[in-house]
Engineer: 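The structure's right below; bear with me while I get my questions together.
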Amino acid sequence: MERVRTRFAPSPTGRMHVGNLRTALYAYLIAKHEGGDFLLRIEDTDQERFMEGALEIIYRTLEHAGLEHDEGPDKDKGYGPYVQSERQAKGIYLEYAKKLIEKGEAYYCFCDKERLESLKQVVAGKEIAIYDKHCLHLSKEEVQQKLDAGVPYVIRQNVPNEGTTKFEDEIYGTIEVPNAELDDMILIKSDGFPTYNFANVVDDHLMEITHVVRGNEYLSSAPKYNRLYNAFGWKVPVYVHCPLITDEEHKKLSKRSGHSSYEDLLDQGFLPEAIVNYVALLGWCPADNREIFTLKELVEAFDYHHMSKSPAVFDMNKLRWMNGEYMKAMDPDKFYELALPYIRKTITRELDFRKIAEMVRTRIEVFPDIAELIDFFEAVPEYDVSMYTHKKMKTTGESSLQVLREVLPLLEKQEDYSNDALYELLVNFAKEHEYKNGYVMWPIRTAASGKQMTPAGATEIMEILGKEETLSRLRAAIEKLENEN
RNA sequence: GGCUCCAUGGUCAAGCGGUUAAGACAUCGCCCUUUCACGGCGGUAACAGGGGUUCAAAUCCCCUUGGAGUCACCA
């Protein structure tokens, strides 16, 4: 059996879209599942859209996500160069385009912008244009004459107006399109660069790609590529078109949604593993319905025949949940290391950050959630005394004031401010006075934090705060209750 | 608008002619509990509609409807 080779072929135009990331992931998984090769090819044929630094983003993202390529611009295994601008400099594309011209499958076109413009028509608010094969009928001599005169030209594919063209997709089955729908697309642009459509076919063949994995948006133009393969007499690769990823409005994910790129997601505090895991499940489901996978496990389990055809909504909620799962499962040291910068951002005093990190861990889904959970450690926020009233705990402002007054001297005497010692002290206190635990703990926690919800119980908070700070907070609370009740 | 694709709960999705139509997220309730969370248990919630084919249809076919994609010297 031939060795499986897939490729990821992004163009360096900016951050990596999550749709592209998933395409890359699937391409990677298909190759690795079969022990094959995953290559990276840079499609920089559009000089206008080229963005400085975009190349670095591509490398960084792939590495970060764990999608290590076996071949690419930085790892030439004999199929290079792997950058299309370098390949075009070698004349590869023009050479193949000329072969097509000889076969009558392509032709020179000298039409200028104005003429092309006149071909456009507006349908349903959208501009559409189908080339009218105007230059197809130029004689050899006329063509040569224009070429000699240096008239700018492009090379177009020649698609007949009659008949249909079909191709096979692994996911979608047979797709057949009337040839009249297939525009005579440009293969070589007037600047000498190939278009994506053409460069793709040539490079995939030359690089011996066996499975072409790409987004669903290419589905309707795929027959054109098939014609190219056939015209060259090349073996058509296996097509795997991935279903679209959409936003909540069921539209193609766009930059406006704010989470359209991998790096947007990182900025929002998501873990690479969680993003990769989540995105893998958008359009694919393992036989056993499992949801949490490492990349390695995905390689093992991935079978592209189980991919779905319909578009999938990118659900932030579920990503957040999954991210939370990864956090809970994370090694404590690693979690601490990752959480520390976020903790430091809101707490400037020196506290036991390790303990704080562990407190926060099961309560957050994403790192930025940390801030509002722990801000009270820095300073007690303004709060209303009504917070002392809790019907389940049976506490009121008065009862709280009383409990705080009773408990204060005990806490002043107490030297051991560890959680266990404090807990024992307070539970015993409650027992002696025949109070319910919550009746005592609620006011203390409120006094110590000024918050309705905290990432831990009263005594854990006191432990972190330490004796001095705890006492000063309790005294302030007593004063507050005296004044406002 | 032409062409192409798609159609199971709010979302991701199992399902490949016979199921009480899974599971997960979200949501709601209960339990646990020094609050919240975690965890545990449970609830609400779906085969777009209409025709066929068949003993039997969420599953196969057709139509309708709805949605999406695409129609560049962008990829």
Side-chain angles (χ1 to χ4, degrees), chain A residues 9-11 13 20 43-46 48-49 109 111 113 116 120-130 152-156 169 172-173 175-178 180-183 185-191 193 195-197 199-200 214-223 241 243-244 246 248 250-252 278 281-292 306 308-322 324 328 359-364 373 390 392-393 423 426-427 430 436-442 444-446 449 451-461:
Chain A
S11 49
T13 55
N20 285 133
E43 310 225 329
D44 59 346
T45 56
D46 184 353
E48 285 184 22
R49 289 213 308 160
C109 170
C111 290
K113 257 213 166 83
L116 258 22
K120 284 188 178 165
Q121 46 179 297
V122 177
V123 179
K126 284 168 215 161
E127 241 181 18
I128 59 181
I130 292 213
Y153 69 91
V154 301
I155 297 176
R156 287 183 183 270
D169 181 81
Y172 291 92
I175 292 175
E176 187 168 5
V177 176
E181 287 298 319
L182 271 16
D183 192 28
M185 65 176 177
I186 290 173
L187 271 19
I188 302 287
K189 302 188 267 190
S190 59
D191 62 3
F193 276 84
T195 56
Y196 161 84
N197 308 298
N200 234 270
R214 51 150 70 121
N216 176 295
E217 62 266 33
Y218 300 109
L219 204 55
S220 48
S221 51
H241 285 93
L244 222 56
T246 74
E248 299 77 1
H250 300 271
K251 299 271 163 51
K252 216 168 143 179
Y278 176 68
L281 261 28
L282 244 30
W284 173 78
C285 183
D288 62 358
N289 262 305
R290 187 148 71 104
E291 299 211 284
I292 304 294
H306 278 72
S308 68
K309 301 177 183 179
S310 35
V313 173
F314 190 93
D315 183 2
M316 270 309 228
N317 259 328
K318 188 144 187 178
L319 208 214
R320 288 180 65 91
W321 164 77
M322 190 169 278
K328 277 171 229 154
M359 276 183 177
V360 119
R361 191 203 180 110
T362 59
R363 290 159 229 262
I364 61 167
L373 245 33
H390 190 285
K392 201 178 152 206
M393 301 297 143
Y423 188 73
L426 292 173
V427 167
K436 292 262 231 174
N437 287 349
Y439 187 82
V440 175
M441 296 298 190
W442 180 267
I444 295 177
R445 194 180 56 84
T446 304
S449 67
K451 295 200 101 178
Q452 197 116 38
M453 291 179 288
T454 56
T459 57
E460 291 165 89
I461 291 171

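Chain identifiers are assigned alphabetically (A, B, ...) following the order of the sequence lines, protein sequences preceding nucleic acid strands; residue numbering begins at 1 within each chain.
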Engineer: What nucleic acid atoms does A:C109 come within less than 4.0 Å of, heavy atoms only: base, sugar-phosphate, or nothing?
Structural biologist: nothing
Engineer: Across the strands shown, which category fits A:S11 at heavy-atom distances under 4.0 angstrom: base, sugar-phosphate, nothing?
Structural biologist: sugar-phosphate
Engineer: Distances for protein N/O vs nucleotides 38-49 of chain B N/O pairs under 3.5 angstrom?
Structural biologist:
none

Engineer: Counting side-chain heavy atoms from CB outward, which of B:C73, B:U4, B:G1 is closest to A:V177?
Structural biologist: B:U4
Engineer: What are the atom names and distances for every N/O pair under 3.5 Å that joins the protein to nucleotides 31-34 of chain B?
Structural biologist:
| from | atom 1 | to | atom 2 | distance (Å) |
| --- | --- | --- | --- | --- |
| B:U33 | O4 | A:K392 | NZ | 3.0 |
| B:U34 | OP1 | A:Y423 | OH | 3.0 |
| B:U34 | O2 | A:A458 | N | 2.5 |
| B:U34 | N3 | A:T459 | OG1 | 3.2 |
| B:U34 | O4 | A:T459 | OG1 | 2.9 |

Engineer: Report the residues that fulfil ring-ring contact (aromatic ring centres under 6.0 Å, His included) with A:F314, sequence neighbours left out, ordered by chain and then residue number.
Structural biologist: A:H259, A:Y278
Engineer: Taking atom P of B:C74 as reference, at what distance in whole Å does atom CZ of A:R214 sit?
Structural biologist: 18 Å
Engineer: Under 3.5 Å, sequence neighbours excluded: what are the donor-acceptor pairs made by side chains of residues 281-289 of chain A?
Structural biologist:
| from | atom 1 | to | atom 2 | distance (Å) |
| --- | --- | --- | --- | --- |
| A:W284 | NE1 | A:D303 | O | 3.2 |
| A:D288 | OD1 | A:R290 | N | 3.1 |

Engineer: Quick check for you: among B:U35, B:C73, B:G2, whose closest atom lies nearest to any side-chain atom of A:V154?
Structural biologist: B:C73
Engineer: Please tabulate, one pair per line, each protein N/O and nucleotide N/O from nucleotides 8-12 of chain B that are separated by under 3.5 Å, including the distance.
Structural biologist:
| from | atom 1 | to | atom 2 | distance (Å) |
| --- | --- | --- | --- | --- |
| B:C12 | OP1 | A:V313 | N | 3.1 |
| B:C12 | O2' | A:L281 | O | 3.3 |

Engineer: Anything under 3.5 Å between a protein N or O and an N or O of nucleotides 57-66 of chain B, put it in a table, one pair a line.
Structural biologist:
none

Engineer: Quick check for you: among B:G69, B:A75, B:A14, whose closest atom lies nearest to any side-chain atom of A:N289?
Structural biologist: B:A14
Engineer: Provide, to the nearest angstrom, the distance between the OH atom belonging to A:Y172 and the C1' atom belonging to B:C6.
Structural biologist: 7 Å
Engineer: Which is true for A:F193 with a 4.0 Å heavy-atom rule: it touches a base, it touches only sugar-phosphate, or it touches nothing?
Structural biologist: nothing
Engineer: Answer with base, sugar-phosphate or nothing: what part of the nucleic acid does A:E217 contact at a heavy-atom distance below 4.0 Å?
Structural biologist: sugar-phosphate
Engineer: Base, sugar-phosphate or nothing for A:T45? Non-hydrogen atoms, less than 4.0 Å.
Structural biologist: sugar-phosphate
Engineer: Which nucleotide, B:C71, B:C5, B:A26, lies nearest any side-chain atom of A:N216?
Structural biologist: B:C5
Engineer: Can you identify which nucleotide, out of B:A14, B:G2, B:U70, has its nearest atom closest to the A:E181 side chain?
Structural biologist: B:G2
